Number of protein chains: 2
Amino acid sequence: MSPRPKIGLDISFIIEAAGEIADQYGVQEVTLASLAKKIGIRPPSLYNHFDGLPGLRKKLAIYGIDKLYEVMADAAIGVSGTEAVIAVSQAYVNFARKHPGIYEATLLAPDPEDVDVQRAGAKIVDLSVRVLQAYHLEGEHALHAVRGLRSILHGFSALEQKGGFKMALDLNESLLIILKAFLAGIGQRDRLMEG
Amino acid sequence: MSPRPKIGLDISFIIEAAGEIADQYGVQEVTLASLAKKIGIRPPSLYNHFDGLPGLRKKLAIYGIDKLYEVMADAAIGVSGTEAVIAVSQAYVNFARKHPGIYEATLLAPDPEDVDVQRAGAKIVDLSVRVLQAYHLEGEHALHAVRGLRSILHGFSALEQKGGFKMALDLNESLLIILKAFLAGIGQRDRLMEG
DNA sequence: TGATAAAACTAATACCATTAGTTAATATAA
DNA sequence: TTATATTAACTAATGGTATTAGTTTTATCA
């Protein structure tokens, strides 16, 4: 059928290089110029591998979402209930800490509605739904809970990264307390009755 | 002492113009070129008002934080307890919806450790602490709770903006459920005993 | 071996921030 | 009121950026 591409730079290799730049210098430093320099080619040559800077950002976003999913799924192995939610959450936050640039790139896709981006993100949503099923939430309540968990995890990660938490107070302890509070609130049935 | 500046463009006017560009076209479109064009001067002239693009970003961040604080403080008037927390939270999220570019700029200061930026942000933290005092949290617990609330609000706002919530599910309902769950969990004393 | 297609390249363009140096106008001081 | 100092605009020039067009090299396949 279609002839194999000539032996050149592998697209995965290129995206990984972009991820390294993002983690090391920040996602804004991922330019066609810096990326080309890192892998030893000229900027225009990159257009053979993706559609300009927007194309690179999309591929990097999907790459990051996939990597994030992997560490979350791995953390979910062998645990259940609240313990599983916390393990998955800590994996999420630790990924953002270890790969600040790649994590930031996960939300920097030029078009969030893009099918490929959506499909990658859906896996994380599905995993979150499964892990929260221990709380036996009814119907839409499970979806609200997923939004809450994701809001906490992204908000916490982003604020930690951008220097939003300035107090001298243990960050891991904060995360644990926040998660436990949210999960306890999600778990109780009569929450809506009170004052 | 120091002579008054000649009648020229007011810095507040310039920053407001930058905010309009941010809200209309996205914060990435706030360039010295686009801003100069909007206010009818040449790009280099802007250097008389702030120190290049980083200087503009810092001023825009502080401007946004101040505006966000205003709507939050206004929402806190005449309410107390859980009602106050929810009112302030909704004001936060609504500000991010109404001013997506300005909101995004609040976290885009070139140096988050900058004294002026910190001072602006501290007012929001203080307000959050005061509003959460209804829960009579002991010592550090109040600070963990503030971090949690801020994580939820920023995470929710950012994900809503970046298209992170794709399900057809009412967003305001999600926010309310998330907040009530978190606050219920924060409120109960024996949370740490369970499973 | 020869044809094809991929992937590199050079050259050129347009837009961006930034710096240097200049000019005009205003406010302050005598 | 006049002279001076200061502010805020300007033009011109530089270097970095993405991007397009057109060319060349090279690997793969028939």
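Keep in mind that what you see is a predicted model, and the values were worked out from it rather than measured. Just so it is clear: chains get the letters A, B, ... in the order the sequence lines come, proteins before strands, and each one is counted from 1.
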A.B. asks: Who pairs with Lys162(B) by salt bridge (Lys or Arg N to Asp or Glu O under 4.0 Å), at least two apart in sequence or on another chain?
C.D. replies: Glu104(B)
A.B. asks: Rounded to whole Å, how long is the line connecting atom CZ of Phe13(B) with atom C1' of dA8(D)?
C.D. replies: 15 Å
A.B. asks: Taking only residues two or more places apart in sequence or in another chain, which ones pass side chain to side chain contact (heavy atoms under 4.5 Å, CB included) with Asp114(B)?
C.D. replies: Lys58(B), Asp111(B), Asp116(B), Val117(B)
A.B. asks: To the nearest 0.5 Å, tell me how far Glu16(A) CD sits from Ile11(A) CD1.
C.D. replies: 10.5 Å
A.B. asks: Under 4.0 Å: is that the gap between some side-chain N or O of Ser45(B) and OP1 or OP2 of dC10(D)?
C.D. replies: yes
A.B. asks: Could you list the donor-acceptor pairs under 3.5 angstrom formed by side chains in residues 35-43 of chain B, with sequence neighbours left out?
C.D. replies:
from	atom 1	to	atom 2	distance (Å)
Lys38(B)	NZ	Glu20(B)	OE1	3.1

A.B. asks: Give a yes/no on whether any side-chain N or O of Arg42(B) is located under 4.0 angstrom from OP1 or OP2 of dT11(D).
C.D. replies: yes
A.B. asks: Can you confirm whether Lys59(A) sits close enough to His49(A) that some side-chain heavy atom of one is under 4.5 Å from a side-chain heavy atom of the other?
C.D. replies: no
A.B. asks: Expressed as a whole number of angstroms, how long is the span from Phe50(B):CZ to dA9(D):C1'?
C.D. replies: 14 Å
A.B. asks: Atom CG of Leu169(A) and atom OG of Ser174(A): how far apart are they, to the nearest 0.5 Å?
C.D. replies: 4.5 Å
A.B. asks: Does the protein touch nucleotides 15-20 of chain C at the base, only the backbone, or not at all? Give it as B, S and - per nucleotide, heavy atoms under 4.0 Å.
C.D. replies: -SSBB-
A.B. asks: What is the distance from CG of Asp10(B) to C1' of dA8(D), rounded to the nearest Å?
C.D. replies: 13 Å
A.B. asks: What is the distance, rounded to the nearest whole Å, between atom CD of Glu29(B) and atom P of dA18(D)?
C.D. replies: 15 Å
A.B. asks: Give the rounded distance in Å between these two atoms: CD1 of Ile41(B) and P of dC10(D).
C.D. replies: 6 Å
A.B. asks: At what angle, to 10 degrees, do the two end axes of the helix from dT1(C)-dA30(D) to dA30(C)-dT1(D) meet, given five pairs define each axis?
C.D. replies: 10°
A.B. asks: Expressed as a whole number of angstroms, how long is the span from His49(A):NE2 to dT19(D):P?
C.D. replies: 15 Å
A.B. asks: Check residues 61-81 of chain A and write down every donor-acceptor pair under 3.5 Å in which the side-chain atom is one partner and the other belongs to a residue at least two apart or another chain.
C.D. replies:
none

A.B. asks: What is the distance, to the nearest angstrom, from the CD1 atom on Ile21(A) to the C1' atom on dT17(D)?
C.D. replies: 14 Å
A.B. asks: Is the base of dA6(C) touched by the side chain of Asn48(A) through a donor-acceptor pair closer than 3.5 angstrom?
C.D. replies: no
A.B. asks: Gln28(B) CD to dA18(D) P: how many Å, rounded?
C.D. replies: 14 Å
A.B. asks: How many angstroms lie between atom OG1 of Thr106(B) and atom CZ of Phe95(B), to the nearest 0.5 angstrom?
C.D. replies: 7.5 Å
A.B. asks: Mind telling me whether Tyr103(B) and Tyr92(B) have parallel, tilted or perpendicular rings, with 30° and 60° as the class edges?
C.D. replies: perpendicular
